[in-house]
K.L.:
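Before anything else, here's the structure in question.
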Amino acid sequence: MQSGTITQALTWAQHAIDRIDARLLLQYVLEADHAFLLTYPDQLLTSQQADQFSRLVTQRIHGMPITYLIGERAFYDLTFKITEAVLIPRPETELLVELALKRIPADQSCKILDLGTGSGAIAITIAKHRPQSQVIAIDLSADAVAVSRWNARNLRVNNVHIMTGNWFNELAEEKFDLIVSNPPYVAENDPHLQQGDLRFEPQLALSAGANGLACISCIINGAPIYLVNGGWLLLEHGYNQAAECRRLLENTDFSNICSYPDLAGIMRVSGGQLNALV
Ligand code: GLN
């Protein structure tokens, strides 16, 4: 792209990519917000800015997710730094956070565990909203742990402790009031892995065995010894995995088992309470 004005840059980019994506990329290059673009449509881009913008538009044309290009994503009421080391937070995962917050009294000090934390979106949002609670967040990927620690520091959330580990392996003998997880749950031969954003996301965070349930069943089986009696386990899962998740929970000492729909009406989170029957 020749360097030109803001309007010219946007018009050029909109022939090739989505209009909002073009705007977000230009805002990123100019370190400006939407209001700035609207207020100064005739401002000239420097040649450096024009080159950077054109490189980003090309990457977007090749499918690179907008979140990885601009390096951040809003989730719940916070904004997280996101790199290619972590899954891009999805709006449906906000349901998991909402269900978790409902189970954590604001005036009590609860212990919460987030398994496979990635960017830390779930753990950090919960910790921010429940400052009395202590959250432990674990991820197998050291690069993901670095991103989530950066997010916790940047958002000034001190009541979350983030560490590397393989599900429960690094935990001492401790008990939690609530365990949450958005584990990998896509079947490894699912064609969606070769489509859209998923092509660029870490496979470690996405796919889990032949039917996608390998990590979910590992978490459900492991959870009871890390939960207090009456503690909750809440898991995000695939669009067709709710019944199987409930079955696994039933077979593992959980009661009050329920599945919850996301905004698209798809059962997206299932959970239960450990030995809640008294
Ligand atoms: N929700 C993601 C998707 O279907 C998958 C996330 C995950 O595996 N936890 O694209």
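Start at 1 and go down the list; that is how both ligands and their atoms are numbered. Just so it is clear, the model here is predicted, and its values are computed rather than measured.
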K.L.:
So does His192 have more than 12 non-hydrogen atoms from other groups sitting under 6.0 Å from NE2?
P.N.:
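Counting other residues, nucleotides and ligands, NE2 of His192 stays at 12 neighbours or fewer.
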K.L.:
Please state which protein non-hydrogen atom is closest to atom 10 (O) of ligand 1 and give its distance, to 0.1 Å?
P.N.:
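Minimum-distance protein heavy atom for atom 10 (O) of ligand 1 reads Arg90 NH2, 3.0 Å.
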K.L.:
Please say whether Asn182 places an N or O atom under 3.5 Å from an N or O atom belonging to ligand 1.
P.N.:
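Yes, there is a polar N/O contact under 3.5 Å.
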K.L.:
The test is salt bridge (Lys or Arg N to Asp or Glu O under 4.0 Å); show your working for Glu250 and Arg247 and say whether it passes.
P.N.:
CA-CA 5 Å; Glu250 270 159 26; Arg247 198 186 63 77; over 6 Å; no
K.L.:
Within less than 4.0 angstrom of ligand 1, does Ser207 place any heavy atom?
P.N.:
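Under 4.0 Å: no for Ser207.
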K.L.:
For Pro183, counting its heavy atoms only, list the atoms of ligand 1 lying under 4.0 Å from any of them.
P.N.:
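So the answer, numbered in order with elements, is 7 (C), 8 (O), 9 (N).
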K.L.:
Check whether more than 12 heavy atoms from other residues, nucleotides or ligands sit under 6.0 Å from atom CD of Gln195, and answer yes or no.
P.N.:
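For Gln195, atom CD is crowded (more than 12 foreign heavy atoms under 6.0 Å).
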K.L.:
With atoms numbered from 1 as shown, which atoms in ligand 1 lie under 4.0 angstrom from a non-hydrogen atom of Leu87?
P.N.:
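It comes down to these atoms of ligand 1: 6 (C).
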K.L.:
Tell me whether Leu38 at atom CG has more than 12 heavy atoms from other residues, nucleotides or ligands lying less than 6.0 Å away.
P.N.:
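Yes, CG of Leu38 has more than 12 neighbouring heavy atoms, counting only those of other groups under 6.0 Å.
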K.L.:
Under 4.0 Å from a heavy atom of Pro184: which atoms of ligand 1 are those, numbered in the order shown and with their elements?
P.N.:
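Every atom of ligand 1 under 4.0 Å from some heavy atom of Pro184: 8 (O).
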K.L.:
When you look for heavy atoms under 4.0 Å from ligand 1, do you find them on the side chain of Asp197, its backbone, both, or neither?
P.N.:
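Within the 4.0 Å criterion, Asp197 makes no contact with ligand 1.
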K.L.:
Quick test: of every protein heavy atom, which one is nearest to atom 1 (N) of ligand 1, and how far off is it to 0.1 Å?
P.N.:
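Nearest neighbour among protein heavy atoms for atom 1 (N) of ligand 1, to 0.1 Å: Tyr185 OH, 2.8 Å.
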K.L.:
Take Glu98 and Tyr76 through the test side-chain contact (heavy atoms from CB on, under 4.5 Å) and record every step on the way to the result.
P.N.:
CA-CA 9 Å; Glu98 267 167 34; Tyr76 211 79; 3.9 Å; yes
K.L.:
Taking CD1 in Ile266 as the centre, count heavy atoms belonging to other residues, nucleotides or ligands within less than 6.0 Å. Is the count above 12?
P.N.:
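Counting other residues, nucleotides and ligands, CD1 of Ile266 exceeds 12 neighbours.
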